[in-house]
Amino acid sequence: MDVNLLREQFPALAQTLGDYPLCYLDTAATSQKPKQVLDAMANYYQYDNANVHRAAHQLSTRATISYEAVRDSVQAFIHAQRREEIIFTHGTTLGINMIAHGLSQQVKKGDVILVDTAAHHANIVPWQMLAKRTGALIKPIPLDDQLRIDNKAYLQLLKEQPVIVALCHVSNVLGTVNPVKQMVAQAKAVGAITVIDGAQAIAHMDVDVQQINCDFYLFSGHKMYGPTGVGILFGRYQQLDKLDPLLTGGEMITSVSFDNTVFNILPNRLEAGTPPISEVIGLGEAINFIKALPKTETQAREAELLSYLQVSLRSLGDITLYGAHDDNLGAVAFNLADEHHQDVGILLDQQGVAVRCGHHCAMPLMQSLNIKGCCRASIGVYTSVEDIDRFIDALKSVKELLL
Amino acid sequence: MSSSKTPQPVKAQYLALTFDSEAILARFEHAANWQERYREIMLLGKTLPTLDDALRVEQAQVRGCESSAWLYHINIEGKNYYLADSDARIVKGLIALLLAMTHGQSAQTIAALDINAYFDKLGLTGQLSPSRTNGLFALAAAIKSAAE
């Protein structure tokens, strides 16, 4: 597949910043959106704009059909058993908060919750809040010297019979891939509920929740060529059904009197208020976009690009890469000599190169690396070899200025 | 910015700064490209004193910066003086540009400053954004509020 043809579908990629064409290497923060996603959303607002599930009129019927069709589409995309296991959220963060809140009654004092050291704050802080409410204990799962999960330490921690194991599928900073299938099986053997943040995995690999066999899996639309403001909380029906709703009101209710409220059944029970309708529709179109890609070819091309990115960075010299392995996905984390990551980011930006610089909402990981932050270059399906060459050239100029 | 219990810079440290925004503008006018502008920024940053660790305290830290930045302020006879530092070089240089504009100015002058226009004039459009990308927005706000 011709990457240039693919790029033509992404209007944002065609722009210039000052004298430089945009070199977008921040897909891990948010991906650019193809025109078909933007059109689907505009189309909803232009022609079908109505609230879902409620009204008796045709616009609402059309909107509801489009909205609910995406649930089926997501179910097929991640191989969920039932459509009711797909809950639309505003994003991964809300989804994890919904689980952490929803499990409050099921967690008691002294219970252990294991959390991936490389986890994004969104997969740490909600558990901390749950621990505060219940008296449970949070324990980080350490990384080995290759910055992968230390499986020995993990098995040791599992002996404490944790009630919840929260992992990331792919690290948002390093791009390292966790062996989630194996880790879930190990966690299940001791009876833990398993939660996987798949935000960084979903755009780069096939996700099959049956194979992984996790209890919960989460991702966001905007990191998979879809819009912001929409995400998916997948949960096994029995697990989802036990969650106390974080948000109440609207369609999540069957009956309300001032004495009592009866909640609706899944999936509505966990979708309070007006959902992000156009965003759900945009997400559906993003799935169509991904499904239409020649999967084997694009995944191989992304792997080649990431490897080229790692090799090019190494050959530049004065670069420290963090946890860069051959089987990583999407992102490379690095620092230039002893330079502050922010200085590097500002100077790359001067040349139209967009990368993320900072702690990447993974402060515990930064602490374990003993750094304040780092830069991260991340790729998507539209990333070209020229993007990487331009990035490396820009980084050369940064090096000349700073070193 | 800081409580009385924490160590404070001595008066001379504030007054040691001698900036002239006119001279800076002239230097930036001669900068042919972004590389030269950023060289100037870093040179300017180097002229700012480095704060001792004792002064790099949380109370003086400006929130909203991805890099760490510390700001101290003193008012002497109605004039405002600042002392600031950052662990990032370019940010420190950009801070120096802010201090050049505000050093020894009255509260009214500082309140009326159009910092966006100043940065645009220096060819640094887009440096001020209300995010932590470089924290200048937060620093500019902290400088203005300290003078109030």
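Within every chain, numbering begins at 1; the chains are lettered A, B, ... in the order of the sequence lines, protein sequences first and strands thereafter.
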Mark yes or no for whether Q342(A), through its side chain, and A88(B), through its backbone, hold a donor-acceptor pair below 3.5 Å.
no
Check your understanding: Quick one: does R89(B)'s side chain have a donor or acceptor within less than 3.5 Å of a partner on E339(A)'s backbone?
Key -> no
So CH2 of W34(B) and CD1 of I346(A): to nearest 0.5 Å the spacing works out to 11.5 Å
Rounded to the nearest 0.5 Å, the NZ atom of K372(A) sits from the OG atom of S68(B) at a distance of 6.0 Å
In terms of heavy-atom contacts, L401(A) and M42(B) come closest through O-CE, 3.8 Å
Are there over 12 heavy-atom neighbours, none belonging to K144(B), within less than 6.0 Å of that residue's NZ?
yes
Q. For atom CG of D114(B), is the number of surrounding heavy atoms from other residues, nucleotides or ligands below 6.0 Å larger than 12?
A. yes
Rounded to the nearest 0.5 angstrom, the CD-CD1 distance for Q350(A) and I90(B) is 8.0 Å
Interatomic distance, CD@Q35(B) vs CD@Q351(A), rounded to 0.5 Å, equals 6.5 Å
